[in-house]
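The chain is numbered in sequence order, starting from 1. Note that ligands are numbered from 1 as they come in the structure, with each ligand's atoms numbered from 1 the same way.
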Amino acid sequence: MLIPCCCLGIGGLAMAYALAKSGHGVKVFEKSNGSPTRSGGLRVPPNLTKILLEWGLHEELRVAPKCRKSNFHTFETGEIVGHLEWQEDIIREAGADFLLMHHYDLHQALYRLAISVGASVTFETSIQDVDFNQDARKPCVVLEDGTTVEADVVIGADGHRSIVRNFVAPEVDEGSDTNHSFYTVIVPASAMETDPDLREYAGLPEWPIWMGDSRGALGYPIRNGTEYNLHVYWPDNEVNSPTIVEESWDVEIPTNAIDFEGYDPRIKKLFNLVPTAHRARFVRREVVDDWLDESGRVLLVGDAAHPLLPCSTQSASLAVEDAAVLGGLMSRLSTSEQIPQFLEAFCDIRHERCKLVQSSELRNAMLVTLPPGEDRDLRNEGMKLSLKTVGDSWDDSMLREQWDEIGEVFGYNAIEAAEDWWIKWGALGNAGAHHYVHEAMQDFGVRITTKTAVTEPISSY
Ligand SMILES: *[C@@H]1O[C@H](CO)[C@@H](O)[C@H](O)[C@H]1NC(C)=O
Ligand SMILES: *[C@@H]1O[C@H](CO)[C@@H](O)[C@H](O)[C@H]1NC(C)=O
Ligand SMILES: CC(=O)N[C@H]1CO[C@H](CO)[C@@H](O)[C@@H]1O
């Protein structure tokens, strides 16, 4: 199987591992050279932690600080208006910890995993195009040097500006510019120690959030508290740097290009502890409707299929969940003819979940960047309820409800989702009772279009 992916893709490497472990030959074409160009932290919510532990990454996760709390500050004054705790019972119910990691560390860990099960990763190789070889009845990718590589399946884990998506869903638009970007710095904890305003944050197992008018910030410790990650969300026209830049993680701007005067001084101090920040433009895109091409052999996953805003809580988890689900399904594959059916099942299992997470992330982002007005007052009043103590524990249930469909978003088990599908439908299909599966699924409201055209050639694209 072939997995083109680009830009230090966590999703691509996770997919490579999951599929190679399921017994498939996997080749990854990775655009970057594998060095840590993207410098930033990421959040590892409980059900991602669970997958990573199942994959044996105990050692790598040991240095990831646990997140136990989020304080909600106003951006202007730093005043705390609410908080959310990841209490023991929630963590226990979730079945694993909420962790904070460096993007590069997770990338490296997944790379090692993928290689260990026989996947091959070719760096500095971009995909030019995807095509379908009608004679071989197989999809292929065209590399920069014109080489064509054929495979049973092509998986596009190539991000927001996916080349594979041009083949699968050419009608998908380019997204709309929000005129905002995320700016990320990673600061050495030692530099924070000398400042009494920052010292307390360095190793604190918390993820504070600053809420401003069309801007915001969030921070958290990584690497056993030796480094601190800060993401700032800011209007482009208030940044002293070119407004239109490539939409990637490679763009750097000087940290003094943002003027934090008039805001919580801790943000400015933290941000300016290092000379440059990484900029990621926030272009808004919808979840793609169709992740699978007509042949049923070219599939979109990760941000190529269900784009999240940069610095989302669930970015890494959605991508890795995709891998866990597809790996689980494909471990059952016995003939190449089943591929389209299995990939269609993947789409059915994942689509709703990804839409739910995407809209919940957007809602949360909007909630913490509201302009002054009635909505913001209501939000703050709601959040303030979380500051009232009930006995020894904080009553943050109201806030929790407002902040997230926590059960649904965090309470998801990718591996089980794939197993469930297999138990209900896959085994039946395997027995050759194709149309029964088809009908049964419709009875249960599950849309599985087993394309009879497993090998139907695609004429022109
Ligand atoms: C972004 O800026 C452009 C150019 O100024 C403007 O046309 C567009 O409406 C803005 N988009 C949003 C979402 O504000
Ligand atoms: C993490 O840091 C603490 C001190 O802050 C140290 O005692 C511990 O050994 C470190 N753990 C690892 C795994 O490096
Ligand atoms: C909150 C959470 O993460 N928990 C879910 C994770 O997945 C399991 C299935 O093993 C669910 O039962 C949990 O609710």
Side-chain angles (χ1 to χ4, degrees), residues 36 41-44 49 52-53 56-69 96-106 108-109 112 160-161 172-183 186-196 198-207 212-216 219-229 232-248 251 253 257-258 279-287 307-312 358-359 361-373 375-376:
L42 54 81
R43 280 149 285 160
V44 179
T49 305
L52 298 178
L53 290 175
L57 295 178
H58 298 82
E59 205 46 41
E60 289 80 354
L61 298 191
R62 225 161 46 86
V63 290
K66 296 179 168 81
C67 175
R68 282 302 161 83
K69 183 174 168 184
D97 262 302
F98 193 134
L99 301 177
L100 306 162
M101 274 185 96
H102 197 296
H103 182 274
Y104 184 64
D105 295 347
L106 182 56
Q108 285 300 94
R112 282 193 299 272
H160 284 113
R161 300 193 309 143
V172 170
D173 68 32
E174 278 307 290
S176 53
D177 206 334
T178 63
N179 299 332
H180 280 73
S181 300
F182 285 85
Y183 300 86
I186 290 194
V187 176
S190 54
M192 298 165 72
E193 297 293 346
T194 54
D195 188 318
L198 303 182
R199 190 179 298 142
E200 61 161 329
Y201 279 107
L204 207 63
E206 295 185 6
W207 155 29
D213 175 3
S214 302
R215 68 205 71 212
Y220 47 91
I222 52 175
R223 291 183 166 161
N224 199 24
T226 59
E227 293 175 18
Y228 197 81
N229 174 91
V232 170
Y233 173 73
W234 205 259
D236 290 342
N237 63 5
E238 292 181 33
V239 177
N240 189 13
S241 83
T243 16
I244 300 303
V245 293
E246 178 96 342
E247 181 191 2
S248 79
V251 179
I253 66 144
I258 300 185
R279 172 178 178 181
R281 274 175 63 209
F282 175 22
V283 175
R284 193 171 164 184
R285 292 187 176 80
E286 301 300 324
V287 172
L308 289 180
L309 63 161
C311 308
S312 286
Q358 195 214 35
S359 60
E361 293 270 11
L362 269 177
R363 256 199 325 280
N364 289 344
M366 278 163 60
L367 187 70
V368 296
T369 54
L370 287 173
D375 287 345
R376 184 156 108 171

Exercise. Can you tell me how far CG of L99 sits from NZ of K66, rounded to the nearest 0.5 angstrom?
Worked result: 7.0 Å
Exercise. Does a donor on one side chain sit under 3.5 Å from an acceptor on the other, for R279 and S181?
Worked result: yes
Identify the closest protein heavy atom to [atom]: which residue and atom is it, and at what distance?
atom: atom 13 (C) of ligand 1; result: D177 O, 3.5 Å
atom: atom 12 (C) of ligand 2; result: N224 ND2, 3.3 Å
atom: atom 3 (C) of ligand 1; result: N179 ND2, 3.7 Å

Exercise. How are the rings of Y233 and H180 set to each other: parallel, tilted or perpendicular (split at 30° and 60°)?
Worked result: parallel
Problem set entry | Minimal non-hydrogen separation, H102 against I222, with atom names | CD2-CD1, 3.5 Å
For this session: Identify the two heavy atoms, one from Q358 and one from P307, that lie closest to each other, and give their separation to 0.1 Å.
Result: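 In this case the closest contact between Q358 and P307 is NE2-O, 2.9 Å.
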For this session: Could you tell me which atoms of ligand 2, counted from 1 in the order shown, lie closer than 4.0 angstrom to a heavy atom of V63?
Result: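 Matching atoms, with element in brackets: 13 (C).
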Exercise. Is there a protein heavy atom at a distance of less than 4.0 Å from atom 7 (O) of ligand 1?
Worked result: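 Not a single protein heavy atom is under 4.0 Å away.
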